[in-house]
Amino acid sequence: MPTNTSRPVRVRFAPSPTGDLHVGNIRTALFDWAYARHTGGQFIFRIEDTDTDRVTDEYIQAAIDTLKWLGLTWDEGPEVGGPYGPYLQSQRLDIYAEWASKFLANGDAYYCYCSSEELEARREAQRKANVAPGYDGKCRSISADDLARYHSEGRKPVLRMRMPDGSTTFTDAIRGEVTFDHNFVPDFVLVRGDGSPLYTLAVAVDDVMMKVTHVLRGEDLLSSTPRQIRVYQAMGVSPDEYPTFAHLPFVMGQDNAKLSKRNGEVSIAWYRDRGFLPEAICNYLALLGWSPGEDRENVTMQELTELFTVERVHSSPARFDMKKLEAINGDKIRELTLDELLKRSLPFLKRDQVITGTDAEIALVKTALPIIHERIATLAEVTPMLRFLFAENFEIEPDSLPKVADDQAQAVLKKSLEVLTPLSTWNHDSIEAALRAALIEGMELKPRIAFGAVRIAVTGSHISPPLFESMELLGSAASLARIKAAIK
RNA sequence: GGCCCCGUCGUCUAGCGGCCUAGGACUCUGGCUUCUCAAGCCAGCUACGAGGGUUCGAAUCCCUUCGGGGCUACCA
């Protein structure tokens, strides 16, 4: 990544929380964070809440919680503060107002009295005439008569930035040199009629004031960059102080369009509730638009910060693939130590009311986890896997019921009960030995047939952890009782 | 419509002029293993959007074209 100055790296993640942070936001945050950590720079978290109609306190808090949960810690921002705060744009209104009046005084900006209806009408006309739509510059100069009329009508003007003739060229760290002809960058609004600032003003002012050196953000903001640069110019920032821009490719849904509720769940909270690990989400998201090369895919958060460079970021959009996320999540779960797995599984077991959280329950879960560790892809799957161990009112799932009802299954269950009841030592070896001798050798049955019936009787499902270990964990009393209950 | 961005297996990607009859991963299919389900192992399927150049040689460079996306707000 070209560094245009020798200033220390400062990267910001600046979402506008108009809803739960989604996969695309997080991918951006992850890259921002990784770049800051990679360079030893500062990671700044700023909330862009200038759109007061759409941003809510709940969404802001949710954004903070999500970043924390993912482990993307910030050096400056909400809750931790910092030397260039406040980090909520709604608390920086006076700063924007000050710059706005400066722009007005210098002639970089001007008041525009055109009403929304008038603008819309003229835009429509432009579209029809096949001309580039955009503000036509009508209010760049206003006659005294018109001004008086506007005032008498009580019109509240917006503040508009004057775009000079010419073009803006900048070097995007991912896309290379990009040029926008100002004929297609109309004069844009900086301040609303009610005096509140717009994104375009706030983002540029803040990035300058907060000494941001690198702007890694979504590709949707690419075409707003000339406007942002125009504000820098009006602020008197010298070009070699402009931040380096890097516009990240989109994360798209299963089909073609941008990710949305329609084509895949996008809220990070949704993934957390389903038992996805934050490190798995980050690892997967890191692979969307970036790769460490050398056929590597599995990286820890630490390795991500070591390996991440903007040079290796793609310029083309990536499709989000739930299957791959699940595969990576499974890999990450298998890498967990038993204690970690236990710690992370307990909340799900409690939530699903499998356990209440007693020491005895937790101890049993801990002894059971090794046999399901490699069988689950998400933490939420611990529930269906272990529920049979704690069920007070045990029942066989409806789908499996017929499989223990036929004559052969009944014979298997009766025989099993007969050979297991006198067992003096109850562990998976003794259980297996007894059942194999009786069912496989004695009754000459296929293991999958014979054990299948016992499995359903004991665990309630034809899918379960290994049978003999499951019976050992369940204990002889409950195991035998369940077999007995399954016999007609 | 205009401006801008993008284009390698179904998906994520490796590739940055010869190592490419294009590699890895996920998915899918088949097999091995096996008490179910997984995990693991093996095998298979499938890609450089198209057309022109440049070059001894192009997935890699250039042009055109087609396709996808973004922006075109007193949203961000």
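A note on names: the letters A, B, ... follow the listed sequences, proteins ahead of strands, and every chain is numbered from 1.
- Closest to the side chain of A:Phe250, from the set B:G24, B:C35, B:G70, is B:G70.
- Contact between the side-chain N/O atoms of A:Arg127 and the OP1/OP2 oxygens of B:U72 is not found at any separation under 4.0 Å.
- B:U64 and B:C4 have their P atoms separated by 12 Å, given to the nearest Å.
- Across all strands shown, A:Ser464 has heavy atoms under 4.0 Å from base atoms, whether or not it also approaches the sugar-phosphate.
- Using bins of under 30°, 30° to 60° and over 60° for the plane-to-plane angle, the ring pair A:His247/A:Phe245 lands in the parallel bin.
- Pairing for B:C66 is with B:G7, a Watson-Crick or G-U wobble pair whose two hydrogen-bonding atom distances lie under 3.5 Å.
- OP1 or OP2 of B:A14 lies within a sub-4.0 Å distance of a side-chain N or O belonging to A:His314.
- Taking only side-chain nitrogens and oxygens, A:Arg319 comes nearer than 4.0 Å to OP1 or OP2 of B:C12.
- Per the geometry, NZ belonging to A:Lys324 stands 8 Å off C1' belonging to B:U13, to the nearest Å.
- Salt bridge annotation for A:Glu118-A:Arg155: present, with a cationic side-chain nitrogen under 4.0 angstrom from a carboxylate oxygen.
- Here the P atom of nucleotide B:C12 and the CG atom of A:Leu30 are 18 Å apart, to the nearest Å.
- Side-chain N/O atoms of A:Arg217 include none lying less than 4.0 angstrom from OP1 or OP2 on B:A76.
- Look at the P atom in both B:U11 and B:U34: the space between them is 37 Å, to the nearest Å.
- Nucleotides B:U13 and B:A73 have their P atoms positioned 31 Å apart, rounded to a whole Å.
- A:Phe180 comes within 4.0 angstrom of sugar-phosphate atoms only, judged by non-hydrogen atoms across all strands, and of no base.
- Atom CZ of A:Phe320 is separated from atom P of B:U13 by 13 Å (rounded to the nearest Å).
- Of the P atoms belonging to B:G10 and B:U36, the separation is 34 Å, rounded to the nearest Å.
- The interatomic distance linking A:Glu177 (CD) with B:C5 (P) rounds to 11 Å, in whole Å.
- With B:C28, B:U13, B:C75 as the choices, the nucleotide that has an atom nearest any side-chain atom of A:Leu198 turns out to be B:C75.
- The residue A:Pro317 sits close only to the backbone: its heavy atoms come under 4.0 Å of sugar-phosphate atoms, none of a base.
- Here the side chains of A:Met210 and A:Tyr87 are in contact, with some heavy-atom distance below 4.5 Å.
- Here, B:C6 and B:G44 have their C1' atoms 32 Å apart, quoted to the whole Å.
- Of the candidate nucleotides B:C35, B:A38, B:G7, B:C35 has the atom nearest to the side chain of A:Arg436.
- Contacts of A:Leu221 with the nucleic acid, taken as non-hydrogen atoms under 4.0 Å apart, include base atoms.
- An OP1 or OP2 oxygen of B:G24 is reached within less than 4.0 angstrom by no side-chain nitrogen or oxygen of A:Arg296.
- If you measure from atom CG of A:Leu222 to atom P of B:G69, you get 17 Å, rounded to the nearest angstrom.
- Between A:Asp207 and A:Arg46, at least one side-chain nitrogen of the basic residue sits less than 4.0 Å from a carboxylate oxygen of the acidic one, meeting the salt-bridge criterion.
- The pairing partner recorded for B:C61 is B:G53, the criterion being a Watson-Crick or G-U wobble arrangement whose two distances lie under 3.5 angstrom.
- Candidate nucleotides B:G10, B:A76, B:A38 were compared by shortest atom distance to the side chain of A:Asp321, and B:G10 ranks first.
- Comparing B:C12 with B:G7, their C1' atoms are spaced 15 Å from each other, to the whole Å.
- The nucleotide whose nearest atom lies closest to any side-chain atom of A:Phe184 is, among B:C3, B:C74, B:C35, B:C3.
- Between A:Asp108 and A:Arg230 a salt bridge is recorded (basic side-chain N to carboxylate O distance below 4.0 Å).
- In this structure, A:Arg312 and A:Glu297 both approach RNA chain B, and ranking their closest nucleotides by distance from the 5' end singles out A:Arg312.
- Counting to the nearest Å, the C1' atom of B:A38 and the NE2 atom of A:His462 are 13 Å from each other.
- Side-chain N/O atoms of A:Ser223 include none lying less than 4.0 angstrom from OP1 or OP2 on B:C3.
- Among the heavy atoms of the strands lying under 4.0 Å from A:Val158 is at least one base atom, whether or not backbone atoms are also near.
- One C1' atom belongs to B:A38, the other to B:G67, and the distance between them is 41 Å to the nearest Å.
- Which of B:G70, B:C74, B:G10 sits closest to the side chain of A:Asp220 comes down to B:G70.
- In this entry B:A14 has no Watson-Crick or G-U wobble partner, no candidate having both defining distances under 3.5 Å.
- Across all strands shown, A:Glu381 has no heavy atoms under 4.0 Å from either base or sugar-phosphate atoms.
- Checking the phosphate oxygens (OP1, OP2) of B:A76, a side-chain nitrogen or oxygen of A:Thr50 falls inside 4.0 Å.
- Considering only side-chain atoms of A:Asp295, the nucleotide from B:C75, B:G23, B:U27 that sits closest is B:G23.
- Residue-level contact check: A:Ser291 touches the backbone only, with heavy atoms under 4.0 Å from sugar-phosphate atoms and none from bases.
- Which of B:C75, B:A39, B:C28 sits closest to the side chain of A:Asp51 comes down to B:C75.
- Using a 4.0 Å heavy-atom distance criterion, A:Ser461 is classed as making no nucleic acid contact.
- Side-chain proximity of A:Arg175 to B:C35, B:C5, B:U13: nearest is B:C5.
- Among the heavy atoms of the strands, none lies under 4.0 Å from A:Phe188.
- In this structure, A:Glu124 places its CD atom 14 Å from C1' of B:A73, rounding to the nearest Å.
- Taking 4.0 angstrom as the limit, A:Arg448 places a side-chain polar atom (N or O) nearer than this to OP1 or OP2 of B:U36.
- Atom name P, nucleotides B:G23 and B:A59: the rounded distance is 14 Å, in whole Å.
- Residue-level contact check: A:Gly218 touches neither bases nor backbone, having no heavy atom under 4.0 Å from any strand.
- Contact record, A:Asp187 with A:Gly137: OD2-CA, 4.4 Å, taken as the closest heavy-atom pair.
- Taking the six-membered ring for Trp and thresholds of 30 and 60 degrees, A:Trp74 and A:Phe45 have ring planes more than 60 degrees apart, a perpendicular arrangement.
- Rounded to whole Å, the distance from CG on A:Leu119 to P on B:C74 is 6 Å.
- Among the nucleotides B:C35, B:A76, B:C6, the one closest to the side chain of A:Pro447 is B:C35.
- Residues A:Leu349 and A:Thr383 have side chains in contact (heavy-atom distance under 4.5 Å, counting atoms from C-beta outward).
- Across all strands shown, B:G44 forms a Watson-Crick or G-U wobble pair, both distances under 3.5 Å, with B:C28.
- When heavy atoms are screened at a 4.0 angstrom cut-off, A:Leu288 is found touching the sugar-phosphate backbone but no base atom.
- Within 4.0 Å of A:Pro15, counting heavy atoms only, lies no atom of the nucleic acid at all.
- Judged by closest nucleotide on RNA chain B, A:Gly134 is the one of A:Arg54 and A:Gly134 placed further toward the 5' end.
- Note on A:Arg217 versus A:Glu48: no salt bridge recorded, every NZ/NE/NH1/NH2 to OD/OE distance being 4.0 Å or above.
- Between A:Phe308 and A:Phe31, the ring planes lie tilted relative to each other; the angle falls in the 30° to 60° range.
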